[in-house]
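The structure appears below as structure tokens.
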Amino acid sequence: MPAENPPRTFHVKSFGCQMNVYDGERMAELLAAQGMTATDERDGADLVVLNTCHIREKATEKVYSDIGRLRRADGSTPLIAVAGCVAQAEGEEIMARAPSVKVVVGPQAYHRLPEMVADAAAGKRGTETDMPAEAKFAALPKRRRSGPSAFLTVQEGCDKFCTYCVVPYTRGAEISRPFADLVEEAKLLVAGGAREITLLGQNVNAWTGQDAKGRAIGLDGLIRVLAAEPDLARIRYTTSHPNDMSDGLIAAHGEIDKLMPFLHLPVQAGNDRVLKAMNRSHTVESYLKILDRVRAARPDIALSGDFIVGFPGETEAEFQDTLDLVGAVRHAQAFSFKYSPRPGTPAATMDDQIAPAVMDERLKRLQAALARDATAFNQASVGRRCQVLVERRGRLAGQWLGKSPWLQSVHFTGDVAIGDLVTVDLVQAGPNSLAGQLVA
Ligand code: SAM
Ligand code: SF4
């Protein structure tokens, strides 16, 4: 496509967390509202948006290689826009190094994408990395259609400044979206087909707002209001910080049927010295106490977490403490990462950076322990009868895929449709999914 022609088709590719997936959906809605058509294949698209992630590893190099791969056989490129956290952190450098990139737009400024694309098509490259998030949400089009399981960002940014993490710099300060806007967006998602909504935030449980009567409420209050939506069957939230697990939110797990029995509560490490160096502001003991209270409120809760191995200075004994914590909690699932120095964060310049081979070896041991516990959790589910939300067709003929209340993938056959909530007996377990039998 010559750069002067306005793009007619677009492809948005999102990397990283669920908040990026949400942002990618909103960007697609913005572009569609301008009359552009989404394509599944980036090869034929006039405009490609790379919605990037900066949280770990060689994020920036990955963006450059993706940009390179967009070059067509005849040497031309689509109009390329780089969005997301790499755009925020390294926008100017991207513009300087990659002439084929015409638009750089940060996570709090993507409501400006359509006008920037129009400028770019007219030959004017642009960078926009402003931070105030309220302007963005107010400028987005209203939600229309939704799959059975929808994301809804309620909170953005982070004030916690864990010493390894780039999020406070790329996403900015913590802000909570207003209650009325969230209720409206949730209703639109439900009207558009959503049966389940996952409330999203970098620290989703730090959300605060005022309800319709002007009373101060937290995330549990918002969940209670959304639970009153008749056609909304399930509510989830992620990601939470241990320090923001309020009494009300813990109690909500025992009181609100639509709040699914699943909690993703990252701990990062199982040793108090390491947690302090990470600036996590919780201890191993305070974390375990929260889990005890959540389990008391909702005994069948499935627990998930995030772990980092090889934080600067982590000794073998301190890593062993992480394995001990894993052994004590028995997570239903968890994410684990090698520590990755992020430019500009305090940990990146700490002494005693751990050798990559040591990190590899620790990650292997941790992942073996987490896989053992995930398999055990799934095996213990065999024999349970539960509701499954049908999300899509499986790979085999007649097969369907959906999610149990505990966020397990369940496959089964039968006469159902996407968006149905069906009763299924869990009959067989693997490490990543379960086989179910539809109850007639
Ligand atoms: N706000 C959430 C919390 O505090 O747990 C997590 C948000 S962060 C986007 C997701 C996960 O990425 C973190 O929980 C952490 O395990 C991981 N992470 C963040 N920075 C990292 C780094 N520099 N190296 C490795 N993993 C990192
Ligand atoms: Fe990053 Fe820590 Fe904030 Fe989570 S709480 S987003 S890990 S700084």
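Both ligands and their constituent atoms are indexed starting at 1 by order of listing. All residue numbers in this chain count up from 1 along the given sequence.
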Mind checking salt bridge (Lys or Arg N to Asp or Glu O under 4.0 Å) for R293 and listing every partner two or more places apart, or none if nothing turns up?
-> D247
Quick one, list the residues around ligand 2 where some non-hydrogen atom comes in under 4.0 Å, by chain and residue number.
-> C158, K160, F161, C162, Y164, C165, V167, P168, N203, H241, R280
Would you mind listing each N/O atom of ligand 1 next to any protein N/O under 3.5 Å, plus the distance?
unit_1	atom_1	unit_2	atom_2	d
ligand 1	1 (N)	Q202	O	2.6
ligand 1	4 (O)	R280	NH1	3.0
ligand 1	5 (O)	Q268	NE2	3.4
ligand 1	12 (O)	R56	NH1	3.0
ligand 1	14 (O)	Q268	NE2	2.7
ligand 1	14 (O)	D306	OD2	2.6
ligand 1	16 (O)	Q268	OE1	2.7
ligand 1	23 (N)	Y164	O	2.9
ligand 1	23 (N)	S340	O	2.8
ligand 1	24 (N)	S340	N	3.0

Cation-pi check, R97 to Y64: give yes when NZ or CZ is under 6.0 Å from the six-membered ring centre and within 45° of the ring axis, no otherwise.
-> yes
Does R384 count as lying over the ring of W406, i.e. NZ or CZ under 6.0 Å from the six-ring centre, within 45 degrees of the axis?
-> yes
Under 3.5 Å, side chain of R26 to main-chain N/O of P141, donor-acceptor pair present?
-> yes
Donor-acceptor pair, side chain of E156 and main chain of T153, under 3.5 angstrom | no
Sort and list the pairs that fulfil salt bridge (charged side-chain N to carboxylate O under 4.0 Å, His left out) and have at least one residue in residues 213-223, not counting sequence neighbours.
-> D211-R215
So, do M245 and L263 sit near enough that their side-chain heavy atoms are less than 4.5 Å apart?
-> yes
Polar contact flag, side-chain donor to acceptor under 3.5 angstrom, D306-H264 = yes
Give the C-alpha distance, both sets of side-chain angles, the deciding distance and a yes or no for ring-ring contact (aromatic ring centres under 6.0 Å, His included) between Y237 and H253.
-> CA-CA 11 Å; Y237 62 95; H253 275 283; 5.6 Å; yes
